[in-house]
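Let me begin by presenting the structure, written as structure tokens, before commenting on it.
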Amino acid sequence: MKIGKELKRVRKSMRLSQTEMAGGVLSTSYYSKIERGLNDIQTQDLIDLLKQHGLRASAFLERLEDEDNENDLAHKNLMWQKQLQDAYYHQQIERLEDLKTEIRKYKDQSQNTFNLYALVVFSIASLKKQINQISENIKQRVRQIVFDSDEWSESTLQIFAMTMMIYDPEDMDILVNSIFKSYRNVSNLSGRLQEIISAIAVNYLANVYVQGRKVNLKLVYHFISELPEIPRNAFAKIIANYYHYCFDGKNEEADQIIEFMKSNGMSHLIKNFIVENCHL
């Protein structure tokens with residue numbers, strides 16, 4: 001199947017018909033079925049076919065191997081991403097450390113894999129309260145990913161959500177405004193995008209509050225208010241309300257949210273995801 005797809009790609013790049021590609025090695029009908037994955041091709045026929053068109057069999061097979069490696073790495077990335085989300089949510093630093101060790105071996109093989117590696121590094125540092133110990137090289141590469149992107153994608157949004165603390169306030173404000181202006185129509189977003197942008201909203205509210213900055217938060221609160229009222233979005237809505245009370249000086253109402261979360265088994269979320277005292 002893979003050989004057929006690669007032969008088709010080669011044929012099209014050379015602007016050949018199936019008859020021209022098959023040449024005197026195979027019949028057109030048999031070759032057509034190879035491209036569609038319905039027939040296999042014998043090794044010698046493949047070599048003769050490639051040689052007829054001035055192509056090296058070794059280079060052809062190397063390309064197939066590279067494609068296998070890329071597909072294998074893509075599968076690993078999906079698996080690692082799920083493990084990262086689960087370990088970070090449950091604040092399992094030891095699992096994140098193991099994940100970091102595993103991904104480090106592959107981090108330079110693709111941009112997506114480096115992105116995941118950076119997310120694990122920042123996740124560990126965030127949970128340990130050791131952001132300042134992240135290397136400047138990693139921080140710079142992360143900033144470059146965000147600033148070099150022509151437009152926001154799920155990947156760059158996720159990177160930004162986890163690394164917001166390394167940006168200057170002015171840069172952060174510009175990036176956040178760009179995001180919430182780009183994603184005004186919340187109902188058209190996938191559940192995953194809603195989740196990531198909600199995390200950006202919550203992190204931004206915490207950042208602005210802790211720094212005591214005066215910033216227009218209308219777009220941020222609009223996004224949160226437009227999120228569907230389903231369990232997946234409950235945390236973001238609760239925390240947005242918490243900071244709303246903090247900014248308005250309604251300390252008792254804010255404290256009630258904290259007590260509600262503690263009494264409902266969410267103390268672990270309070271520790272790392274919000275500022276637990278808005279009497280600042």
Side-chain angles (χ1 to χ4, degrees), residues 66-67 69-89 91-183 190 192-193 195-208 210-211 213 215 220 272-273:
D66 288 342
E67 184 177 323
N69 290 337
E70 288 175 7
N71 289 338
D72 185 51
L73 186 57
H75 175 72
K76 282 186 169 68
N77 283 338
L78 288 174
M79 178 183 67
W80 289 330
Q81 184 168 351
K82 292 177 182 177
Q83 292 174 355
L84 166 60
Q85 291 170 355
D86 186 60
Y88 183 68
Y89 178 80
Q91 301 182 40
Q92 296 170 325
I93 296 176
E94 188 173 337
R95 280 184 64 192
L96 289 169
E97 293 281 10
D98 291 341
L99 195 57
K100 175 184 171 184
T101 299
E102 185 176 358
I103 299 177
R104 183 190 288 122
K105 296 179 289 187
Y106 302 89
K107 69 181 177 68
D108 294 322
Q109 293 189 20
S110 79
Q111 185 62 59
N112 284 339
T113 308
F114 174 79
N115 291 357
L116 268 177
Y117 178 76
L119 287 175
V120 174
V121 169
F122 274 88
S123 297
I124 294 169
S126 177
L127 293 177
K128 288 184 172 182
K129 308 296 186 185
Q130 296 176 347
I131 296 296
N132 291 337
Q133 295 185 24
I134 297 175
S135 73
E136 284 304 317
N137 178 52
I138 292 287
K139 290 180 181 178
Q140 184 55 37
R141 287 185 66 179
V142 164
R143 291 189 194 97
Q144 206 67 38
I145 291 169
V146 172
F147 285 124
D148 284 355
S149 299
D150 293 332
E151 58 185 25
W152 291 104
S153 65
E154 183 175 310
S155 178
T156 52
L157 285 167
Q158 187 177 20
I159 283 281
F160 182 62
M162 288 295 301
T163 64
M164 291 172 68
M165 67 290 292
I166 68 172
Y167 297 89
D168 294 331
E170 295 79 8
D171 288 336
M172 185 187 298
D173 292 345
I174 291 170
L175 292 168
V176 167
N177 282 328
S178 168
I179 291 168
F180 288 103
K181 286 179 180 177
S182 300
Y183 296 97
S190 67
R192 180 62 182 149
L193 274 176
E195 182 182 352
I196 295 172
I197 300 174
S198 295
I200 291 172
V202 168
N203 290 343
Y204 186 60
L205 291 172
N207 180 276
V208 170
V210 169
Q211 293 182 354
R213 298 195 290 122
V215 176
V220 177
N272 289 292
F273 295 103

**Item:** Exam field: side chain T163 to backbone I159, donor-acceptor pair closer than 3.5 Å
**Value:**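 The answer is yes, because a donor-acceptor pair under 3.5 Å joins these two groups.
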
**Message:** If we ignore hydrogens and angles and just use 3.5 Å, is the side chain of S178 paired with the main-chain N or O of I174 as donor and acceptor?
**Reply:**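 Here the side-chain-to-backbone pair does not exist.
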
**Request:** Start with the C-alpha distance between Q144 and Q140, add both sets of side-chain angles, then the distance that settles side chain to side chain donor-acceptor pair (under 3.5 Å), and finish with yes or no.
**Result:** CA-CA 6 Å; Q144 206 67 38; Q140 184 55 37; 3.2 Å; yes

**Asked** Does the separation of the ring centres of W152 and Y183 fall below 6.0 angstrom?
**Response**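 Between Y183 and W152, which both carry aromatic rings, the centre distance is not below 6.0 Å.
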
So, using salt bridge (Lys or Arg N to Asp or Glu O under 4.0 Å) as the criterion, who are the partners of [X] when residues are at least two apart?
| X | value |
| --- | --- |
| R104 | none |
| K139 | E136 |
| D108 | R141 |

For [X] and [Y], work out which heavy atoms get closest and say how close.
| X | Y | value |
| --- | --- | --- |
| S123 | L119 | OG-O, 2.6 Å |
| A161 | N203 | O-ND2, 2.8 Å |
| I131 | F122 | CD1-O, 4.2 Å |
| E151 | T156 | O-OG1, 4.2 Å |
| F114 | I138 | CE1-CD1, 4.0 Å |
| I166 | R143 | O-NH2, 3.2 Å |

Drop me the distance from [X]'s [atom1] to [Y]'s [atom2], to the nearest 0.5 angstrom.
| X | Y | atom1 | atom2 | value |
| --- | --- | --- | --- | --- |
| K128 | L96 | NZ | CG | 9.5 Å |
| W80 | Y106 | CH2 | OH | 5.5 Å |
| L116 | K76 | CG | NZ | 13.0 Å |
| Q81 | S155 | CD | OG | 8.0 Å |
| S190 | I196 | OG | CD1 | 7.5 Å |
| N112 | L78 | CG | CG | 9.5 Å |

**Request:** Give a yes or no on this: more than 12 heavy atoms of other residues, nucleotides or ligands lie within 6.0 Å of atom CD of Q211.
**Result:**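 Check passes, neighbour count above 12.
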
**Item:** Residue Q130 excluded, over 12 heavy atoms near CD under 6.0 Å
**Value:**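 Yes, CD of Q130 has more than 12 neighbouring heavy atoms, counting only those of other groups under 6.0 Å.
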
**Test side chain to side chain donor-acceptor pair (under 3.5 Å) applied to Q111 and N115, step by step** = CA-CA 6 Å; Q111 185 62 59; N115 291 357; 2.8 Å; yes

**Item:** Partner of M164 by side chain to side chain contact (heavy atoms under 4.5 Å, CB included), out of V176, N207, L175
**Value:**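 Passing option: V176.
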
**Request:** Decide salt bridge (Lys or Arg N to Asp or Glu O under 4.0 Å) for D173 and R213; before the verdict, give the C-alpha distance in whole Å, the side-chain angles of both, and the deciding distance to 0.1 Å.
**Result:** CA-CA 11 Å; D173 292 345; R213 298 195 290 122; 2.8 Å; yes

